[in-house]
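Input: a single structure, listed below in structure tokens.
This chain uses plain numbering: 1 for the first residue, then up along the sequence. Counting starts at 1 for both ligands and their atoms, in listed order.
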Amino acid sequence: MKVRVLITGGAGFIGSHVVRLFVKKYPNYKIFNLDALTYAGNLSNLKDIEEEANYTFIKGDINDEAFISEIFQTHRFEGVIHLAAESHVDRSIKDPLAFVKTNIIGTLNLLNAFKDLWKDNFEGKRFYHISTDEVYGTLGETGLFTESTSYDPNSPYSASKASSDHFVRAYSETYGLPYVITNCSNNYGENQFPEKLIPLFINNIIHNKPLPVYGDGNYTRDWLYVKDHAIAIDLVYHKGLNEETYNIGGFNEWKNIDLVKLLCEQMDSKLGRKKGTSEKLITYVKDRPGHDLRYAIDASKIKNELGWQPSVTFEQGLEKTIEWYLNNKEWLDDVTSGEYQSYYENHYNK
Ligand code: NAD
Ligand code: TYD
């Protein structure tokens, strides 16, 4: 009998890298990718593996309780790796309820279906919730988030992720559901939807459009290459301990403005433009409300206990990322047509 693993949100950015890794690495697993294909989900992210014998795509919404219950009863997933979410802070500021629905209620539907299926014997089963460092709120100029940092979310997005983390833990305490949670820092890399900082700015540089830096640009994030996150997820899924949380980060803090300048420099070089050309596109714009000053992860637990660490430097990862976007302009044009245009106009040009 094959091990049946459900990966939710597998058509999205991080999920597609996790699905690919699992499908290729574990031919003895049956990998089910459940995704609603929202604006952020794109099956072309998985074209290269869609015909594999151990891969099945299920289109569906985690908010649909009856449907979720039915697919758990039909396929009897022994493991769940839950990534499906509304994931963009700016959108959460405009429409918090969508985040409550998918990130909290959707997660509860999965927890309930998993519990109902295995409650008589949770042995060998695992519910893995993929979360974010944003649940910890903001840091000042110093310090790092550890696994014991108190939750203090500031955006509707991070509040919804914090809530779902709490529910996962509550289901363990109350019903004995075996779980593991990871809280990861900002990811970047191939297939990221161009609403997030790095792909948005790559796309704008390609089209000579302004680069909208929020506030003074002195906000700090800890950046991790997405394929290194996928490797960490594989490791935690297989070797992490039940009822444990692991922080995942890049040991790689950048102030936004410094990151944008590095990106401009690399883009000029790749596009054969004169040094300094792209930097001229930098435009300081109105700040994001409730903007967290700094995120930085202490990833020593996963490093010491599971032997994980990032495999590429930021410069290497960024170069691979830029090359991918330049070689996949069709992908970029496709995802920036339609809904994206009205999102962009509404958010940046109002
Ligand atoms: P994404 O927005 O690129 O992808 C989300 C995927 O979930 C999409 O394919 C979308 O179609 C799907 N989805 C959304 N709502 C759904 C629903 N109701 N039912 C079924 N599918 C639905 O997100 P991402 O950046 O890949 O993030 C994946 C997970 O990782 C999220 O849980 C996010 O909170 C977490 N995370 C992201 C980052 C980051 O930097 N991107 C960092 C840490 C943690
Ligand atoms: P983002 O990629 O949205 O990730 P998160 O908010 O989850 O950290 O933003 C990363 C940083 O870049 C954050 O400090 C906000 C900033 N930012 C801009 O300055 N301009 C933009 O247009 C965007 C999307 C983000």
Numbering as shown, the atoms of ligand 2 that approach Val213 to under 4.0 Å (heavy-atom distance): 19 (O)

Contact atoms of ligand 2, heavy-atom distance to Leu200 under 4.0 Å: 22 (O)

Distance flag, aromatic centroids of Phe145 and Tyr136, threshold under 6.0 Å: yes

Phe32 six-ring face occupied by Arg4 cation (under 6.0 Å, within 45°): no

Element-labelled atoms of ligand 2 that are located less than 4.0 Å from some non-hydrogen atom of Val89: 6 (O), 7 (O)

Cation-pi check, Arg20 onto Tyr55 ring (under 6.0 Å, within 45° of axis): no

Within reach of ligand 2, part of Asn186 (heavy-atom separation under 4.0 Å): side chain

Short N or O distance, Arg221 and ligand 2, threshold 3.5 Å exclusive: yes

Donor-acceptor contact present, side-chain Asn252 to main-chain Trp223, <3.5 Å: yes

Contacting atoms of ligand 2, where contact means under 4.0 angstrom from a heavy atom of Tyr348: 21 (C), 22 (O), 23 (C), 24 (C)

Atom 7 (O) of ligand 2 [closest protein heavy-atom partner, distance rounded to 0.1 Å]: Glu134 OE2, 2.5 Å

Face-on cation placement of Arg221 at Tyr295 ring, 6.0 Å and 45° thresholds: yes

N/O donor-acceptor pair under 3.5 Å between Arg294 side chain and Leu139 backbone: no

Protein residue, atom and distance nearest to atom 16 (C) of ligand 2, heavy-atom basis: Asn256 ND2, 3.5 Å

Proximity winner for atom 14 (O) of ligand 2, if only heavy atoms of Glu195, His291, His88 are counted: His291

Subset of ligand 2 atoms that lie under 4.0 Å from at least one heavy atom of Pro212: 18 (C), 19 (O), 20 (N), 21 (C), 22 (O)

Donor-acceptor contact below 3.5 Å, side chain Asn33 vs main chain Ile31: no

Among Arg288, His347, Arg294, closest by any non-hydrogen atom to atom 6 (O) of ligand 2: Arg288

Main-chain N/O of Trp324 paired to Asn328 side chain as donor or acceptor, under 3.5 Å: yes

Side-chain donor-acceptor pair present, Asp152, Ser150, cut-off under 3.5 Å: no

Lys286 charged N/C atom sitting above Tyr348 aromatic ring, 6.0 Å / 45°: no

Nearest non-hydrogen protein atom, atom 2 (O) of ligand 2: Leu197 N, 2.9 Å

Residue part near ligand 2, for Tyr157, under 4.0 Å between non-hydrogen atoms: neither

Table of N or O contacts for ligand 1, cutoff 3.5 Å:
residue	atom	partner	partner atom	Å
ligand 1	2 (O)	Ser87	OG	2.6
ligand 1	3 (O)	Phe13	N	3.1
ligand 1	9 (O)	Gly12	N	2.9
ligand 1	9 (O)	Asp35	OD1	3.2
ligand 1	9 (O)	Asp35	OD2	2.6
ligand 1	11 (O)	Asp35	OD1	2.5
ligand 1	11 (O)	Thr38	N	3.0
ligand 1	11 (O)	Thr38	OG1	3.1
ligand 1	18 (N)	Asp61	OD1	2.8
ligand 1	18 (N)	Thr102	OG1	3.2
ligand 1	19 (N)	Ile62	N	3.0
ligand 1	21 (N)	Ala36	N	3.1
ligand 1	23 (O)	Ser87	OG	3.3
ligand 1	26 (O)	Phe13	N	3.4
ligand 1	26 (O)	Ile14	N	2.8
ligand 1	32 (O)	Leu83	O	3.0
ligand 1	32 (O)	Lys161	NZ	2.7
ligand 1	34 (O)	Tyr157	OH	2.7
ligand 1	34 (O)	Lys161	NZ	3.1
ligand 1	40 (O)	Asn187	N	2.8

Tyr128 and Thr182: side chain donor to acceptor below 3.5 Å: yes

Stepwise ring pair (Phe, Tyr, Trp, His ring centres under 6.0 Å) test for Tyr151 and His166: CA-CA 10 Å; Tyr151 276 31; His166 289 321; 5.0 Å; yes

Side chain, backbone, both or neither: the part of Thr132 lying under 4.0 Å from ligand 2 by heavy atom: neither

Residues Asn45 and Asn191: side-chain donor-acceptor under 3.5 angstrom: yes

Atom 19 (O) of ligand 2: the protein heavy-atom neighbour that sits closest, reported with distance to 0.1 Å: Tyr214 N, 2.9 Å

